[in-house]
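Every chain is numbered from 1, with letters handed out A, B, ... down the list of sequences. Basis for what follows: all heavy atoms, side chains included, without hydrogens, waters or symmetry-related copies.
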Amino acid sequence: GENVEQHPSTLSVQEGDSAVIKCTYSDSASNYFPWYKQELGKRPQLIIDIRSNVGEKKDQRIAVTLNKTAKHFSLHITETQPEDSAVYFCAASIHSGGSNYKLTFGKGTLLTVNP
Amino acid sequence: DTAVSQTPKYLVTQMGNDKSIKCEQNLGHDTMYWYKQDSKKFLKIMFSYNNKELIINETVPNRFSPKSPDKAHLNLHINSLELGDSAVYFCASSQTLYRGRTLNTEAFFGQGTRLTVV
């Protein structure tokens, strides 16, 4: 099955700096790569996603890149703010016929932005 | 007006008991999921249903039995609860799209149910 590795597990940056979180996946059939943000005690919420036919996507201070050949994708947050502090999860989704999808999550990165 | 709602939010129970967690989504999605998030924050899929049909059943003890009476509901029943079942359980839903090829879309999560087995 799919295996998603995420690094680092914790990341501490100063406000205004950039943060980068990296993920690799094992199954080349994966075709959808969402990123979720989970604040303490709350539900995971999608912040950005990318499909396998796109190499990069940007939404304001957040960008995601995908390298299908190397099977890795990354989340980039620029000009970090304290409210960016949360656990970030990458995920990879395989469509294996019909309605059979499996969204496999990385183990999460605890991002702390220090004022 | 919550999109994906789970009840209860907190559940404290003794070992050996049987409990249920309910989930409902009003997004009109055709796929629903149960995820378990343990104390280390790992999010692991347990089950996936599409239009009331079981699609994914990960390696989960058969004490866990999902039930989907209709595509808007996916309940989770747990028999003979054990200490190791303590975790936050998230329900989620997503919609299958068909645009020349089948696409899956983002999963919307419920607020979670914190289960504590004592």
Worksheet, complete the sentence: Whatever's closer than 4.5 Å to a heavy atom in chain B on A:Q38 counts as side chain
Item to complete: Verify whether one side chain among A:T80 and A:E15 offers a donor that lies under 3.5 Å from an acceptor in the other.
Response: no
Discussion item. With a 4.5 angstrom heavy-atom cut-off, is it the side chain or the backbone of A:P34 that approaches chain B, or both, or neither?
Written reply: neither
Discussion item. Taking the basic N atoms (NZ, or NE/NH1/NH2) and the acidic carboxylate oxygens, is any pair closer than 4.0 Å for B:E82 and B:R63?
Written reply: yes
Item to complete: Fit a plane to each ring of A:W35 and A:F73, take the angle between them on a 0 to 90° scale, and name the class: parallel (under 30°), tilted (30 to 60°) or perpendicular (over 60°).
Response: perpendicular
Discussion item. Please tell me whether A:Y36 and A:F105 form a close aromatic pair, meaning their ring centres lie under 6.0 Å apart.
Written reply: yes
Practice prompt. Any salt bridge (charged side-chain N to carboxylate O under 4.0 Å, His left out) involving residues 35-55 of chain B? Give me the pairs, sequence neighbours left out, ordered by first then second residue.
Written response: none
Worksheet item: Parallel, tilted or perpendicular: which describes the rings of A:F33 and A:Y25, with under 30° parallel and over 60° perpendicular?
Response: tilted
Fill in: Residues of residues 107-115 of chain B within contact distance of chain A, non-hydrogen under 4.5 Å
B:A107, B:F109, B:G110, B:Q111
Worksheet item: Is the Lys NZ or Arg CZ of A:K107 less than 6.0 Å from the centre of B:F42's six-membered ring, within 45° of the axis?
Response: yes
